[in-house]
Amino acid sequence: MVEKYGYECFKDLLKQVNEQYERMPDAFKGHITTGESGEIVCLRPASESSAMIRAFFDRQKI
């Protein structure tokens with residue numbers, strides 16, 4: 001949408017989302033993305049995602 005419409009508010013939102021993403025622990029990254037039509041695309045099997053996230057919380061003792 002940023003490229004298609006070029007609205008400044010979309011650019012600001014994308015910048016904010018990217019900054020927040022960079023601050024997230026790696027255990028929460030790279031699990032899903034969206035396709036060209038906005039559909040959700042899984043990048044890992046659910047079991048692998050679950051194991052990564054569980055390991056993160058185990059290390060945090062949460």
Side-chain angles (χ1 to χ4, degrees):
M1 288 179 49
V2 170
E3 294 164 6
K4 183 175 182 178
Y5 298 105
Y7 294 130
E8 199 62 35
C9 60
F10 289 160
K11 292 177 185 177
D12 293 343
L13 178 61
L14 181 61
K15 181 180 181 224
Q16 179 183 356
V17 167
N18 286 335
E19 289 171 354
Q20 290 173 342
Y21 183 84
E22 289 305 316
R23 289 194 305 262
M24 282 189 335
D26 288 339
F28 299 98
K29 297 179 181 178
H31 298 279
I32 61 170
T33 191
T34 54
E36 289 296 318
S37 302
E39 73 277 9
I40 295 173
V41 177
C42 294
L43 301 174
R44 306 174 191 273
S47 59
E48 183 180 340
S49 291
S50 184
M52 290 175 68
I53 293 168
R54 181 74 260 156
F56 170 82
F57 285 116
D58 287 347
R59 286 190 302 276
Q60 303 300 312
K61 300 194 185 327
I62 296 175

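Residues: numbered from 1 along the sequence shown.
- In terms of heavy-atom proximity, Ala27 sits nearest to Met52 at CB-O, 3.8 Å.
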* Would you check, one step at a time, whether the test salt bridge (Lys or Arg N to Asp or Glu O under 4.0 Å) holds for Lys29 with Asp26? => CA-CA 5 Å; Lys29 297 179 181 178; Asp26 288 339; 3.7 Å; yes
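- Under the side chain to side chain contact (heavy atoms under 4.5 Å, CB included) rule, Val41 has a single partner from Thr34, Thr33, Ile32, which is Thr33.
- To the nearest 0.5 Å, atom CG of residue Asp58 and atom CD1 of residue Ile53 are 12.0 Å apart.
- Within a 6.0 Å sphere centred on OH of Tyr21, other residues, nucleotides and ligands contribute more than 12 heavy atoms.
- One distance of note links CD of Glu19 with CE of Met24; it measures 13.5 Å at 0.5 Å rounding.
- For CZ of Phe10, the number of neighbouring non-hydrogen atoms (other residues, nucleotides, ligands) closer than 6.0 Å is greater than 12.
- Cluster annotation: Tyr7 and Leu14 are assigned to the same hydrophobic cluster (Ile/Leu/Val/Met/Phe/Trp/Tyr, side-chain heavy-atom contacts under 4.5 Å, transitive).
- In this structure, OG in Ser50 is found 9.5 Å from NE2 in His31, a value given to the nearest 0.5 Å.
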